[in-house]
Amino acid sequence: MRTLEELKQYYDSTLMPVLLKLEANRKKVLLINIIAFSAIILMTILFITTIKYSESNELLLKVISGFLMISILGGIGLSIYYRSKYIASYKSGVIRRIVSFIDPGFNFNDIGFINSLPFINSNLFLKHPDEFESEDYVYGRIGDTELQFAEVHAQEVVRRTKKRTEYRTIFRGLLMEADFNKNFNGKTIVLPDLAQKLLGALGQFFQSFDSGYGDLVKLENPEFEKLFVVYSSDQIEARYILTPGLMDRIVDFRNKTGRKIYISFVDSKVYVAIPYNKNLFEPRLFRTILDFSPVQEYFENLQLAIGVIEDFNLNTRIWGKE
Amino acid sequence: MSSSILIVLLSAATILLLFVIILYNSLISKRNQVDNAFSSIDVMLRKRYDLIPNLVSTVKGYMEHERSVLAQITELRAQVISYRYFDNNRIDLDNKIASALDKIMLVAENYPDLKASENFLKLQAALNDVEEQISAARRAYNAAVTDYNNAVQMFPTNILASIMGFESQKLFEASFEERKNRNWY
C-alpha cells in the first residue's frame, strides 16, 4: 500500500515521461477525430446542397452520396481505430505502472475476466447474464491471499423484437474475488439494505420471505445491520464467517467506498462487487492527461480494491485454511 | 337478515382461526429454531473435546513440568463426555475445560520447539477454528432466542403465547473468563 505522497513522487519521476508521450498521442488522436468529424459534416453539407440545387442530375447525386457514405464509414472507422489504440497505450503505459507501483506482486491486463464465471460464482445476482463484458483485469497475491478483480458489465435480455433486443443492466462496476481465510461449505450473501432503512422492523419482516439467497440472518452489529441485509444457507456458518471483527471491517470498507457494496462468501472465497456507472480506467480525450488528478483517481480506485486483503484481514490465517 | 349476519360471522371466525394457526406455527417454528441452535452449541463443544487427547499427546513430550494440568484436562474431558444435558454441572465443567485449554496454550508459548512443530501448529489452528465455531453457535443461539422472545413478548403473538404456555428463554451469557480473547497466535 502506498501514500499519496509516494504516488506524487512516482508521478513526477516515472509517470511523467510516459504521460508526455501519451499526451502527444492524444493530441494526434484528437486531431484525427476533428478532421474525420469535419469531413463528415462537409460531405453532408455538400450532399444537401447537391440535392437542393441539382435534383435532376442523378449521376452527380450518386457520386456525392457515395462520397458521403465513404466519409461517414471511414471517419467513424478511423476515429474508433485510433481511439482504441490510444486507450490501450494509456492503459499499458500508465495503469499497468500504477498497479505495480501499489504492489509489485500485482499485474494488469486490459482484457478483463476471460468469462463470466467469477460473476456467476459470486451468487450475488441470481441471474446468468445474457451479455457479459469485462476489462481492466488485475490479479496478484499478498501473503496467502490471491486476489483478482476487473470491471464488468453484465446485462440481461428484457425483450426481443424483430427489430432489436432490449437489455437491462444486472450489474456494472468492479467485481473482486479473493481467497477467504476460513474454510466453509455454504453460501452467505451480504446485500445493501434498502428495506431496513425504509421500514425498520417491518422491513425485516418482509426480508425474511423467500429471497432466493437463503435464510435471513440477523446479526448483532447495529451499524452493520443498518447498511446490509444478510442471507445464508446456514445460520451458524454465517456467524462463523461474519465475526464481530469482520463486520466492523466491512462497515469501514463500505464507508471508504461511499457506495452500496455487495459481498458474498462462496466456496471459501469472498466476492465484493462495487457498482460504478462509468469506465474507471480510461484516459481523457478532450482534456490534457498530464494532470495529477486523474492519476490520483486511478490510484485510489486500484488501491481500494487491492486493499481489501488488508481491510478484511484476509491474511490472518490462524484457522487452518491453506 | 339472519343468514347474511351468519355468513359474516362465519367468515370472521374462519379468518380469526387462520390467523391463530399462523401465529401458533410461527411460535413453534421459532422455539424449534432455539432448540436447534442449542444443540449446535453442544455439537461444537464436542468438537473441542475431541481435540483434547491429540493436544495432550502432542505437548506431553515437551511440557514435562505441566503434567498436572494435562492430567486435569484429561479428567475433565472424561467427565464432560458422558453428560447429555446442560445443567449447571455441565456448564461448570465446560468453563473449567476452557480455562485449562487457555492455560496449556499459554504455557506452550514458553517452549519454542513445541511452538514450531507442525503437529502443534495444526492443532493450534484447529483449536482456533473450533473456538470460532463455538462463538458462532452461541451467537446463533442468542439470535434464535431473541427472535423467539420477541414473538412471546410482542403483540399480537404474546396473547397466544401466554394462553398456550410459551415462555421466554434465557440468552447465553459468556462468563468473565470466556470473554477474554480466545485465539492463540
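Quick note on labels: first sequence line is chain A, next is B, and so on, each numbered from 1.
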Would you say [atom1] of [X] has more than 12 non-hydrogen atoms from neighbouring residues, nucleotides or ligands within 6.0 angstrom?
{"X": "B/Lys30", "atom1": "NZ", "value": "yes"}
{"X": "A/Leu126", "atom1": "CG", "value": "yes"}
{"X": "A/Arg168", "atom1": "CZ", "value": "yes"}
{"X": "A/Asn115", "atom1": "CG", "value": "yes"}
{"X": "A/Lys256", "atom1": "NZ", "value": "yes"}

(request) Let me see the working for B/Asp129 and A/Lys182 under salt bridge (Lys or Arg N to Asp or Glu O under 4.0 Å), right down to the final yes or no. (result) CA-CA 8 Å; B/Asp129 200 60; A/Lys182 292 177 181 164; over 6 Å; no
(message) If we define contacts as heavy-atom pairs under 4.5 Å, which of A/Gln235, A/Arg317, A/Glu220 has the most with chain B?
(response) A/Glu220
(request) Could you check which of A/Val217, A/Ile241, A/Ile236, A/Asn183 has the highest count of heavy-atom pairs closer than 4.5 Å to chain B? (result)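 If we count pairs closer than 4.5 Å to chain B, A/Ile236 comes out on top.
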(message) Between A/Leu219 and B/Arg139, is there a side-chain heavy-atom distance shorter than 4.5 Å?
(response)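 Yes, at least one pair of side-chain atoms sits under 4.5 Å.
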(request) Please answer whether the main-chain N or O of A/Ile318 pairs with a side-chain N or O of B/Asn128 as donor and acceptor at a distance below 3.5 Å. (result)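 Side chain of B/Asn128 to backbone of A/Ile318, a donor-acceptor pair under 3.5 Å: yes, one is there.
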(request) Rounded to the nearest 0.5 Å, what's the gap from OG on B/Ser135 to CZ on A/Arg239? Could you check? (result) 12.0 Å
(message) Please report the interatomic distance OH(A/Tyr240) to CD(B/Gln133), rounded to the nearest 0.5 Å.
(response) 5.0 Å
(request) Let me know if B/Ala137 has heavy atoms under 4.5 Å from chain A in its side chain, its backbone, both or neither. (result) both
(message) Under 4.5 Å from any heavy atom of chain A, what part of B/Asn142 do you find: side chain, backbone, both or neither?
(response)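 No part of B/Asn142 comes within 4.5 Å of chain A.
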(message) Which heavy atom of A/Gly320 sits nearest to which heavy atom of B/Ala125, and what is that distance?
(response)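 The pair with the smallest heavy-atom distance is N-CB, 3.5 Å.
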